[in-house]
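Remarks on the structure that follows.
In what follows, residues are counted from 1 in the order of the sequence shown.
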Amino acid sequence: MTVQPDELPGGRQLIMGLNPPFGVKAALANKFIDKALSFKPKLVILIVPKETKRLDQKKTPYDLVWEDSNCLAGKSFYLPGSLDVNDKIVQGWNASAPPLYLWSRSDWTKKHKEVAKAHN
């Protein structure tokens, strides 16, 4: 959270993907997203809890290009350090899969939607 806008490329060259810590009622996720939006990226890819504030409700709104609430279901994530008492890897399942979102800055939305449509 200490990175400053002058340390990264300008927003028209910037795509950000976030899978932030969720926190209670998505509080940490919302803080990470707000920080990311301060860089004005042209595209934001998010894996966040359903309680996260939508980017189309932000002060500078982004447009939803694509979302999927099912693609991260099941065994989508490795759970680091998840070993049982016999040092065997614990198989983790998402009881409630987090949605995957692609959000576009409004001046790039048309292009991003064309690309998304071309790839179904």
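Using modelled atom types, one side-chain atom of Gln4 and one backbone atom of Thr2 make a donor-acceptor pair closer than 3.5 Å. A side-chain donor-acceptor contact under 3.5 Å links Tyr62 to the backbone of Pro41.
Hydrophobic clustering of Ile, Leu, Val, Met, Phe, Trp and Tyr side chains at less than 4.5 Å, counting indirect connections, unites Ile15 with Val65. Following chains of ILVMFWY side-chain contacts shorter than 4.5 Å, one cannot reach Val48 starting from Leu43, and the two form parts of different hydrophobic clusters. A continuous path of hydrophobic side-chain contacts links Val44 to Leu64 [ILVMFWY only; heavy atoms under 4.5 Å].
For Tyr101, the ring-ring contact (aromatic ring centres under 6.0 Å, His included) partners are Trp103, not counting sequence neighbours. With sequence neighbours left out, Arg54 forms a salt bridge (charged side-chain N to carboxylate O under 4.0 Å, His left out) with Asp56. Evaluation of the side chain to side chain donor-acceptor pair (under 3.5 Å) rule for Lys117 yields no partner, not counting sequence neighbours. With sequence neighbours excluded, the residues forming a salt bridge (charged side-chain N to carboxylate O under 4.0 Å, His left out) with Asp107 are Arg105, listed by chain and number. Evaluation of the side chain to side chain donor-acceptor pair (under 3.5 Å) rule for Asp34 yields Lys58 as partners, not counting sequence neighbours. The side chain to side chain donor-acceptor pair (under 3.5 Å) search around Asp63 returns Thr109, not counting sequence neighbours.
Between Phe39 and Pro9, the closest side-chain pair of non-hydrogen atoms is not below 4.5 Å. Contact of the Pro49 side chain with the Pro98 side chain is not registered, since no non-hydrogen atoms from C-beta on lie closer than 4.5 Å. Using a 4.5 Å heavy-atom cutoff, the side chains of Asn30 and Thr52 are in contact.
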Practice item. For side chain to side chain contact (heavy atoms under 4.5 Å, CB included), just list the numbers for Lys59 and Leu37, CA-CA rounded to whole Å, side-chain angles, deciding distance to a tenth of an Å, and then say yes or no. Key: CA-CA 10 Å; Lys59 182 179 177 184; Leu37 294 180; over 6 Å; no
Review point. Side chain to side chain contact (heavy atoms under 4.5 Å, CB included) between Lys42 and Leu14: does it pass, once the steps are laid out?
Key: CA-CA 6 Å; Lys42 65 181 180 180; Leu14 191 58; 6.0 Å; no
Practice item. Apply the test side chain to side chain contact (heavy atoms under 4.5 Å, CB included) to residues Glu51 and Phe22: give CA-CA distance (whole Å), side-chain angles for both, the deciding distance (0.1 Å), then the verdict. Key: CA-CA 9 Å; Glu51 301 83 14; Phe22 291 1; over 6 Å; no
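The shortest heavy-atom contact between Ile47 and Pro20 is O-CD, 3.5 Å. Of all heavy-atom pairs spanning Ala97 and Lys50, the tightest one is O-NZ, 3.6 Å.
Other residues, nucleotides and ligands place more than 12 heavy atoms under 6.0 Å from the NZ atom of Lys35.
Atom CG of Leu55 sits about 10.5 Å away from atom OG1 of Thr60, to the nearest 0.5 Å. Between the CH2 atom in Trp66 and the NE2 atom in His112 there is a gap of 14.5 Å [rounded to 0.5 Å]. Once rounded to the nearest 0.5 Å, the distance linking CE of Met16 with CG of Leu8 reads 5.5 Å.
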